[in-house]
Amino acid sequence: QVIDGRGWRTGAPVEKREIPMYYLRITQYAEELLAALDRLPEWPDRVRAMQENWIGRSEGVNLAFPYDIGGQKGTLAVFTTRADTIMGVTFVAVAAEHPLAELAAGRDAGVRAFVDECRRGSIMEADLATIEKKGIATGLTVRHPLTGAEVPVWVGNYVLMAYGEGAVMGVPGHDERDFAFAKKYGLPVIRVIDVGGQPYSTDAWQPWYAEYGRCVNSGAYDGLEYAAATDAIARDLEEKGLGRKQVVWRLRDWGISRQRYWGCPIPIIHCPACGDVPVPDDQLPVRLPEDLVPDGSGNPLGKSKAFLDVPCPKCGAAARRETDTMDTFVDSSWYFFRYASPGNDAAMVDSRANYWMPVDQYIGGIEHAILHLLYSRFWTRVMRDCGLTDVDEPFQRLLTQGMVLNEIWFRRPATGRITYHDPANVEASGEGEARTGVLRSDGQPLEYGGVGTMSKSRRNGVDPQALVERYGADTARLFTMSNVPPEHTFEWSDEGVEGAFRFMKRLWKLVHAHVEGGPAAKPEPDALDGAARELRRQVHQALVKVGDDIGRRRMFNTAIAAAMELYNALAAYQDRSAQGRAVMQEALDLVVLMLSPIVPHATQAMWRALGHSTLLVDERWPEPDAAALVKDTIEIVAQVNGRLRARISVPAAADESAVREKALADPGVAKFVEGRPVRKFIYVPGKLVNVVV
RNA sequence: GCCCAGGUGGCGGAAUUGGUAGACGCGCUAGGUUCAGGUCUUAGUGCCGAGAGGCGUGGAGGUUCGAGUCCUCUCCUGGGCACCA
């Protein structure tokens with residue numbers, strides 16, 4: 001295929017040239033890759049939706065328009081998802097690269113010029129969407145597959161050669177783009193669908209024209225709805241040998257050849273006699289020469305005779321080694337299998353991979369949602385079908401972590417390049433539109449560019465090393481996890497780092513203040529007074545919450561918030577009696593354990609200070625004491641007509657009638673009931689009551 | 001155009017199954033400590049109101065004893081795909 005040669009990492013663009021391309025047939029797996037998305041419940045919906053769109057399954061009908069052009073007979077194939085509108089076809093349009101366009105171009109200079117112009121246009125798909133829809137009549141006609149009527153063939157610059165058949169049937173009556181095209185070039189518009197009796201006029205397009213409805217002006221199909229009409233039309237086409245139902249995919253095969261030196265070589269040898277011959281197994285892997293220096297004049301491999309000149313593995317004649325290398329996504333599609341088979345120099349993977357795979361928890365940026373994650377799913381299935389693994393899916397649970405954003409500050413001099421400045425060197429004030437700042441070093445104002453992803457070019461990155469040096473690695477970890485759930489983007493804030501640092505210092509001081517009082521005993525739950533028992537309950541409650549947040553919900557921010565809340569309760573606890581100190585010792589031990597996954601270094605030092613000689617990494621996650629969680633009295637929220645009016649305290653064992661009596665007796669409730677009859681009494685055990693009057 | 005995720009105090013966010021909206025942190029206010037600033041520390045902090053109380057999760061309706069959460073419509077923001085036939 002002819003491709004653009006601007007794939008070089010170094011050097012100027014080269015001329016378009018004919019080069020072989022290597023494809024992996026990912027489209028063969030399209031159906032399975034799509035269907036299996038439903039079996040990935042622990043992937044984010046967003047990622048699954050993106051893959052679904054990318055694979056892009058469309059059900060429709062493939063139909064053929066027969067032609068006889070100067071004695072040359074054939075059929076023009078077209079794919080449509082709206083076969084029910086087939087009786088409204090007034091033209092067909094083909095892509096500039098379509099054989100029929102080429103045929104017409106050979107007979108007509110005007111068509112030639114138009115086709116060449118289309119081919120010179122941008123290949124960027126985003127540009128294609130915005131360019132003006134243009135076309136030219138080829139002078140050729142094809143026959144409608146059902147009516148036999150003559151239908152003119154146009155070349156349209158909006159028709160994609162790469163999707164479907166590279167040709168579309170034009171139904172101006174019910175397709176907005178075809179409508180505009182027909183209006184522009186004076187083609188007839190026929191109405192063949194009635195959408196619930198809505199008005200129809202060929203003067204202007206209305207959104208409902210494209211909706212599903214009943215066939216009209218369609219002969220035998222009149223009155224049929226979409227599904228029935230499609231079935232009937234597909235059946236009639238099939239009888240004539242001119243069509244059948246078809247599924248079309250947006251997904252394309254994966255072109256993996258890259259014209260780059262530094263990549264995994266494609267193991268093919270080109271022999272003048274035998275053609276493209278695979279490198280035999282005993283000569284694999286093909287190793288890249290490591291002594292070549294790119295000089296900007298093309299692929300260095302193309303100039304290395306030692307690499308290029310090889311005998312043909314089949315016939316032994318002089319042959320040439322392929323210089324294209326593989327897309328880097330090839331390597332990243334199975335590295336995780338290889339991690340599970342370390343040291344094996346005889347095979348790609350071995351049985352150990354079946355034990356470890358699939359990856360339990362995969363973490364990556366959202367930018368990998370489609371390419372890397374889809375290629376890996378494809379590659380894993382290929383390995384399965386080659387007998388290399390038993391698994392279908394490489395990644396069981398997926399977490400797409402968010403990016404860290406920071407402010408962007410810059411100056412745009414009258415001449416010269418825009419310069420960016422590190423937000424750390426900016427004295428800023430105001431919010432949003434009113435945000436202004438000056439550079440500390442010269443006191444002169446800067447322009448504010450909003451917040452954006454951190455990048456070297458914008459100089460708004462935060463160096464983790466500087467944070468580690470100033471606050472320690474634990475504070476840096478605590479801060480980055482304490483703001484938002486891991487999949488959210490978040491804005492960097494120096495004040496936030498200070499807050500995390502402050503918490504670490506407070507906890508440290510609390511631990512050491514406690515330790516100075518000497519060794520503490522184990523708490524005796526039955527001997528505790530009310531305050532001690534309540535504190536102990538809070539400790540074990542927090543342990544449940546933090547364990548769930550880290551282990552199941554992966555909400556590290558709320559886990560940290562729960563630990564901070566517990567710290568606040570501990571700091572307010574003043575009982576220095578033997579039992580009071582025993583409860584405090586247990587509480588600090590548990591706080592240190594629950595924070596250890598997040599701030600491992602500081603908690604290890606605190607753990608030792610608290611009298612333990614073990615390493616925290618060897619400790620198990622502590623079990624909450626179920627007995628400590630039990631409350632003697634509970635607080636019940638009392639509502640009147642759904643509005644909060646009082647909080648009442650009742651024994652945990654109280655039944656509904658006791659709660660009702662206490663609620664109605666409460667002055668805050670009584671005030672709003674005021675002798676009016678109670679129409680309804682809602683009781684949610686342990687939580688609330690609602691008095692409806 | 002289609003698909004997805006969002007919209008909650010001054011800010012980041014919490015509210016897990018329809019049941020106390022605003023946890024936790026930042027910021028801010030006042031006090032203590034200090035010669036002063038910072039650190040540290042105590043108290044307060046959704047809005048209106050002297051109070052009682054009222055209002056409050058983008059907007060408008062609805063379901064319900066009860067809605068940030070469910071339903072309908074709508075506005076806005078971010079992301080993905082996009083001449084896809």
Side-chain angles (χ1 to χ4, degrees), chain A residues 44-54 56-58 60-61 78-82 85 92-93 95 125-133 156-160 162-171 175-178 180-181 207 210 248-250 366-367 369-370 431-432 478-479 482-485 487-500 502-503 505-506 509 545 548-549 552-553 555 557-568 571 635-647 671-672 678-684 686-693:
Chain A
D45 292 342
R46 180 164 64 136
V47 174
R48 286 190 308 207
M50 281 161 75
Q51 293 212 352
E52 208 173 304
N53 287 340
W54 188 263
R57 184 180 197 274
S58 282
V61 172
V78 155
F79 174 76
T80 180
T81 53
R82 289 302 300 271
T85 65
V92 294
E125 293 195 334
D127 295 340
L128 278 177
T130 55
I131 61 171
E132 194 192 350
K133 277 93 187 135
N157 67 347
Y158 61 91
V159 183
L160 296 176
Y163 185 78
E165 298 287 352
V168 296
M169 64 182 205
V171 185
D175 180 282
E176 186 171 10
R177 197 186 47 212
D178 292 346
F181 194 82
V248 163
W249 305 87
R250 205 195 75 94
I366 187 68
E367 70 274 17
I370 296 171
E431 297 283 340
L478 183 68
F479 169 62
S482 66
N483 260 310
V484 293
E487 49 274 291
H488 286 208
T489 57
F490 86 94
E491 248 177 81
W492 189 261
S493 124
D494 289 329
E495 294 81 9
V497 182
E498 289 285 351
R502 201 144 54 214
F503 174 70
K505 286 192 290 188
R506 283 176 185 153
K509 287 200 310 199
K545 163 90 175 144
D548 188 48
D549 281 351
R552 179 180 64 90
R553 301 175 68 211
M555 295 267 290
N557 56 328
T558 53
I560 291 166
M564 287 180 169
E565 203 174 357
L566 178 58
Y567 162 86
N568 290 339
E635 187 180 77
I636 300 274
V637 169
Q639 299 178 334
V640 178
N641 289 345
R643 314 209 41 148
L644 175 67
R645 295 303 180 190
R647 295 159 204 274
K671 187 171 159 190
F672 288 91
V678 175
R679 296 218 333 258
K680 204 165 178 181
F681 186 85
I682 311 282
Y683 175 56
V684 182
K687 278 206 169 139
L688 67 72
V689 297
N690 187 14
V691 184
V692 184
V693 296

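Quick caveat: nothing in here was measured; it's all calculated off a predicted structure. The basis for the numbers below is simple: all heavy atoms, side chains too, and nothing from hydrogens, waters or symmetry mates. Each chain gets a letter, A, B and so on, in the order its sequence line appears, and its residues count up from 1.
Residue A:V684 has its side chain nearest to B:G19 when only B:C84, B:G19, B:C3 are considered. With B:C3, B:G12, B:G13 as the choices, the nucleotide that has an atom nearest any side-chain atom of A:P485 turns out to be B:G13.
Look at CD1 on A:I560: it is 14 Å from C1' on B:A14, rounded to the nearest Å. Taking atom NZ on A:K509 and atom C1' on B:C40, their separation rounds to 6 Å, with Å as the unit. What separates NZ of A:K505 from P of B:U39 is a distance of 9 Å, to the nearest Å.
Although no hydrogens or angles enter the test, the distance criterion places a donor-acceptor pair under 3.5 Å between the side chain of A:N641 and the main chain of A:V693.
With sequence neighbours left out, the ring-ring contact (aromatic ring centres under 6.0 Å, His included) criterion links A:F79 to no other residue.
Annotation: of the two residues near RNA chain B, A:G499 and A:S58, the 5′-most nearest-nucleotide partner is A:G499. Projected onto RNA chain B by closest heavy-atom contact, A:W54 and A:A500 fall at different nucleotides, the more 5' of which corresponds to A:A500.
Between A:R48 and B:C3 there is no side-chain polar atom (N or O) within less than 4.0 angstrom of OP1 or OP2. Side-chain N/O atoms of A:N568 include one lying less than 4.0 angstrom from OP1 or OP2 on B:G25. Between A:R506 and B:U41, a side-chain N or O to OP1/OP2 separation shorter than 4.0 Å is present. Here A:R82 does not reach the OP1 or OP2 of B:C84: none of its side-chain N or O atoms lies under 4.0 Å away.
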Tabulate protein N/O versus nucleotide N/O from nucleotides 53-57 of chain B, keeping only pairs under 3.5 Å, one per line.
from, atom 1, to, atom 2, distance (Å)
B:G53, OP1, A:K671, NZ, 2.6
B:G54, OP1, A:R645, NH2, 3.1
B:G54, OP2, A:R645, NH1, 3.1
B:C55, OP2, A:R643, NH1, 2.7
B:C55, OP2, A:R643, NH2, 3.1

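Side chains of A:V689 and A:V637 form no contact here, defined as non-hydrogen atoms less than 4.5 Å apart.
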